[in-house]
Amino acid sequence: MGYHAMAINQNTLTIDGKDVYFEQGQTIMDAALAAKIYIPHLCHYPGLPPSGNCRLCVVETNGKSVAACITQAQAGLRIHSNTPELNAVRKTITQMLFVEGNHICPACEKSGNCKLQAMGYYLGMHEEHFHHFNPRRALDASHPAIFLDRSRCILCDLCVRASREVDGKNVFAIAGRGADAHLIVNTDSGKLGDSNLDRDDLAANICPVGAIMHKQRGYVSPIGQRIYDQQPINEIALGEHVPESTERDHD
Ligand code: SF4
């Protein structure tokens, strides 16, 4: 056996029966995306350290359920992802995210560009199923260019990681536990206007939902021309691998 064949054998797993080659150190998610296989996700973003908190990317291997974004790829793994059972669980998780916040799409400027909404469409979610929490969470409009609507936050942690790892600012954090977990701003006042967040920072552009939004800009894309009007979330995610596009790209 030649060196190349050996290397392939040592770095190959299967996802839904397809052979996937991976680089040492890659996660299952990284290997899947590189092989153009979509594993649903909301809190994963290529290039940022994973947090494993949305749980949409849970796959099954060797009788165990693991989050693909935080599990290292290993040779010989037989991974099941696109199964009716796992997609049903993903739909339930998406429904839970919808009822935990105030995701009233007809009144949200992010509609059509929102990953949570697009995930609902992708998974065939026709209603929320669970009772709505209807949380009352304060809007923070203190920043001149950005506003924060925590009632739409899904605690994906992307803004936290983007601010810390890419912007080098540490503007955001998640405080509290369980149902009390919430996004905070790392300033003495707790106000976004007292932070050094810039409208061009990755943290100001990475939010997958309508929680961190730009002021003085709204409804720029006509219905039919919004991101997920054009393509479903799986095709967009595979096409925009490293880095995923953000709303900034659609100004
Ligand atoms: S504000 Fe947006 S990016 Fe930040 S944690 Fe909430 S949903 Fe995620």
Side-chain angles (χ1 to χ4, degrees), residues 40-57 67 69-70 93-105 108-120 133 135-143 145-187 190-193 195-215 217-218 227-228 233 237 240 243-250:
H41 59 272
L42 287 172
C43 75
H44 170 77
Y45 190 89
L48 286 181
S51 71
N53 65 28
C54 80
R55 311 315 286 179
L56 281 163
C57 74
C69 73
I70 50 170
I93 292 170
T94 306
Q95 289 170 318
M96 291 164 75
L97 288 171
F98 263 89
V99 302
E100 189 269 345
N102 294 331
H103 298 285
I104 303 164
C105 302
C108 180
E109 197 275 325
K110 191 82 171 193
S111 185
N113 297 315
C114 173
K115 289 185 180 171
L116 179 65
Q117 183 191 48
M119 188 62 71
F133 284 30
R136 293 174 68 92
R137 301 184 195 140
L139 193 88
D140 183 345
S142 58
H143 191 284
I146 304 291
F147 74 90
L148 176 60
D149 184 347
R150 291 183 178 85
S151 73
R152 300 174 188 158
C153 174
I154 59 169
L155 297 173
C156 70
D157 193 46
L158 280 172
C159 58
V160 178
R161 285 175 277 153
S163 187
R164 184 180 60 225
E165 306 291 335
V166 177
D167 306 332
K169 294 186 177 177
N170 240 351
V171 169
F172 298 104
I174 291 175
R177 289 176 179 275
D180 290 330
H182 56 283
L183 188 75
I184 60 168
V185 176
N186 284 323
T187 57
K191 293 289 184 192
L192 203 56
S195 76
N196 58 351
L197 181 72
D198 186 85
R199 61 176 288 125
D200 293 325
D201 287 349
L202 184 60
N205 294 278
I206 200 173
C207 185
V209 293
I212 297 177
M213 300 286 283
H214 286 233
K215 290 182 175 177
R217 189 190 73 187
I227 298 169
Y228 298 109
I233 193 168
E240 67 188 12
E244 288 192 42
S245 71
T246 66
E247 269 224 301
R248 184 172 35 177
D249 301 326
H250 299 269

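One-based numbering, in listed order, for ligands and for the atoms of each. Computed over heavy atoms, backbone and side chain alike; hydrogens, waters and symmetry mates excluded. If you're wondering where the values come from, they're calculated on a predicted model, not measured in any experiment.
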Legend entry - Under 3.5 Å donor-acceptor, Asp201 side chain and Asp167 backbone: no
Legend entry - Side-chain heavy atoms of Leu155 within contact of Asn53, under 4.5 Å: no
Inset, instruction - Determine, step by step, whether Leu197 and Lys169 satisfy the side chain to side chain contact (heavy atoms under 4.5 Å, CB included) criterion, reporting the C-alpha distance in whole Å, the side-chain angles of both residues, the deciding distance to 0.1 Å, and the verdict. - result: CA-CA 8 Å; Leu197 181 72; Lys169 294 186 177 177; 5.8 Å; no
Legend entry - Value rounded to 0.5 Å, distance of CG in Asp157 from OH in Tyr45: 14.5 Å
Inset, instruction - Step by step, work out the side chain to side chain contact (heavy atoms under 4.5 Å, CB included) result for Cys108 and Arg152. - result: CA-CA 9 Å; Cys108 180; Arg152 300 174 188 158; 3.6 Å; yes
Legend entry - atom 6 (Fe) of ligand 1 - number of protein N/O/S atoms closer than 2.8 Å: 1
Inset, instruction - Indicate the atoms forming the closest heavy-atom contact of Glu100 with Arg137, along with that distance. - result: OE2-NH2, 2.8 Å
